[in-house]
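Written out below as structure tokens is the structure these notes cover.
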Protein chains: 2
Amino acid sequence: MPQRGRPRGFDVDEALERAVEVFWRQGYEGASVTDLTEAMGINKPSLYAAFGGKEELFRKAVARYAEKDMGYARDAFAQPTAYEVVATLLRENVIAVTRTDRPAGCLSIQGGTSCSTDNAPIAGFLAASRLGGEGALADRLARAVAEGDLPAHADPVALARFIMIVTEGQAVHAAAGVSREDLRQAAEIALAGFAAASGARLPEQATRPV
Amino acid sequence: MPQRGRPRGFDVDEALERAVEVFWRQGYEGASVTDLTEAMGINKPSLYAAFGGKEELFRKAVARYAEKDMGYARDAFAQPTAYEVVATLLRENVIAVTRTDRPAGCLSIQGGTSCSTDNAPIAGFLAASRLGGEGALADRLARAVAEGDLPAHADPVALARFIMIVTEGQAVHAAAGVSREDLRQAAEIALAGFAAASGARLPEQATRPV
DNA sequence: AGCATTCTGTACCGAGCGGTACGTATCCGA
DNA sequence: TCGGATACGTACCGCTCGGTACAGAATGCT
């Protein structure tokens with residue numbers, strides 16, 4: 001039973017993509033349902049039928065954002081060494097928050113760091129999802145310690161926190177209009193700090209015989 | 001002519017203080033005029049008479065916040081060496097964004113990183129004021145280069161940007177509920193990164209004979 | 001005492017909010 | 001060809017938004 005009744009007049013994925021951009025630019029509270037439907041090219045009842053409501057749409061938008069716009073994190077985690085994981089993460093983050101074909105910054109922060117009391121769950125949801133990413137990075141760095149890639153005294157949780165703090169700051173900065181090249185400089189400083197604090201082997205040291 | 005007509009029934013400064021906290025917790029758009037007047041203990045016409053409107057109140061709240069809650073920045077800039085300037089800034093920022101008698105995070109970010117199109121100027125205003133602080137730090141670090149406190153190859157603008165990115169990330173993290181001690185760890189990693197990237201003399205090196 | 005001046009509280013404004021009822025259009029299966 | 005099912009557009013719901021009109025209350029000045 002592929003479909004019964006009148007078929008949808010719009011592409012759900014494409015509409016969700018537009019919603020991502022509106023939420024990204026204007027935040028959850030700053031994006032009205034009218035703003036959303038206009039950008040999505042649909043009417044309000046279609047939005048409610050297809051997505052359930054503004055809050056559900058937002059959660060789906062965040063999920064899609066994590067899937068598509070933060071895909072670089074998966075690639076970064078797959079790097080062989082902790083240094084390369086972090087270097088990839090920081091550098092790809094700079095690119096992601098300064099794409100010209102996307103709003104500046106990061107949906108996870110632009111979506112709303114603070115909310116009215118009614119919408120407090122939204123800010124909490126975003127904060128939790130950010131901290132989830134931090135936990136994943138900490139796990140990856142812990143693996144690096146277990147593998148001997150990072151020294152035993154390195155603190156994966158603290159290091160992951162530092163990296164995530166930098167990426168969040170980058171996103172805030174990008175939303176303020178700071179250029180990609182300027183953010184890249186900051187990423188390199190952060191990377192140097194990570195290397196110093198973690199005792200990570202640099203790529204040169206890893207590939208070149210000591 | 002000290003006062004003519006009926007005297008004010010509330011303390012303007014105290015009311016502004018309450019407004020700061022509401023904006024800080026809920027953001028500009030998330031804070032309704034009713035939320036504000038209830039916290040300030042006044043009625044709407046009093047708010048409009050005393051402060052001019054919601055947006056003017058917000059700008060005054062931000063000014064007061066910068067004066068009182070970011071006063072540590074002035075102290076930090078007065079430190080004798082670049083290393084101590086940055087160390088004080090990072091450490092005091094951690095304390096400021098995790099005060100138990102204040103909302104978590106920083107008004108300059110919680111106030112709103114994104115807004116509805118109508119309120120776009122608010123996000124721009126906050127972004128500009130943050131970048132203003134970054135410029136002041138860059139100036140202070142440039143002075144350190146001129147004084148020989150930082151090596152000639154150090155880039156004050158890039159370093160200031162990195163530090164501000166970290167403090168912004170700390171504020172986002174604090175708003176997510178991360179503890180003061182956890183943020184302090186991150187601040188020390190950032191400080192190490194600053195020292196490495198700038199070539200700053202550490203306090204020990206500065207006081208101890210080489 | 002009386003008046004101009006200023007502040008206070010109530011009650012209200014038009015507009016926009018998120019969300020929905022309902023009649024119509026368009027599909028599949030029988 | 002017709003009925004069940006689904007999606008569509010219009011027009012509307014109650015509510016809250018930021019902001020204000022207005023009348024009464026409290027002061028200083030004369």
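Each chain gets a letter, A, B and so on, in the order its sequence line appears, and its residues count up from 1.
For the residue pair A/Leu57 and A/Phe23, the shortest heavy atom distance occurs at CG-CE1, 3.9 Å. Of all heavy-atom pairs between B/Arg130 and A/Ala176, the closest is NH2-CB, 4.2 Å.
Rounded to whole Å, atom C1' of D/dG18 lies 16 Å from atom CZ of B/Phe58. Counting to the nearest Å, the P atom of D/dG18 and the CD1 atom of B/Ile122 are 12 Å from each other. Atom CG of B/Leu36 and atom P of D/dC17 are 10 Å apart (whole Å). With rounding to whole Å, B/Asp35 atom CG is found 7 Å from D/dC17 atom P. Atom CG of A/Asn119 and atom P of D/dC17 are 11 Å apart (whole Å).
With a 6.0 Å cutoff to the six-membered ring centre and a 45° limit on the axis angle, A/Lys54 counts as a cation-pi contact of A/Tyr28.
Of the two residues near DNA chain C, B/Gly5 and B/Asp118, the one whose nearest nucleotide lies more 5' is B/Gly5. When each of B/Pro7 and B/Val33 is assigned the nucleotide of DNA chain D with its nearest heavy atom, B/Val33 is the one assigned upstream, toward the 5' end.
Listed in residue order, the members of residues 40-56 of chain B having a heavy atom less than 4.0 Å from DNA chain C are B/Asn43, B/Pro45, B/Ser46.
Scanning atom types as modelled, one donor and one acceptor separated by under 3.5 angstrom connect the side chain of A/Arg6 and the base of C/dA25.
No more than 12 heavy atoms of other residues, nucleotides or ligands shown are found within 6.0 angstrom of CZ on B/Arg99.
Checking side-chain atoms of B/Trp24 against main-chain N and O of B/Ser108 turns up no donor-acceptor pair under 3.5 Å.
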Which side-chain N or O atoms in residues 187-198 of chain B pair as donor and acceptor under 3.5 Å with protein atoms at least two apart or in another chain?
from     : atom 1 : to       : atom 2 : distance (Å)
B/Glu188 : OE1    : B/Arg91  : NH2    : 3.0
B/Glu188 : OE2    : B/Arg91  : NE     : 2.9
B/Glu188 : OE2    : B/Arg91  : NH2    : 3.4
B/Ser198 : OG     : B/Phe194 : O      : 2.7
B/Ser198 : OG     : B/Ala200 : N      : 3.0

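For A/Ser32, the side-chain atoms get nearest to C/dG18 when compared with the rest of C/dG18, D/dC29, C/dT8.
With sequence neighbours excluded, no residue satisfies ring pair (Phe, Tyr, Trp, His ring centres under 6.0 Å) with A/Phe51.
Contact annotation: A/Thr34 reaches the phosphate of C/dC17 (side-chain N/O to OP1 or OP2, under 4.0 Å). The side chain of B/Arg8 places an N or O atom within less than 4.0 Å of a non-bridging phosphate oxygen (OP1 or OP2) of C/dC7.
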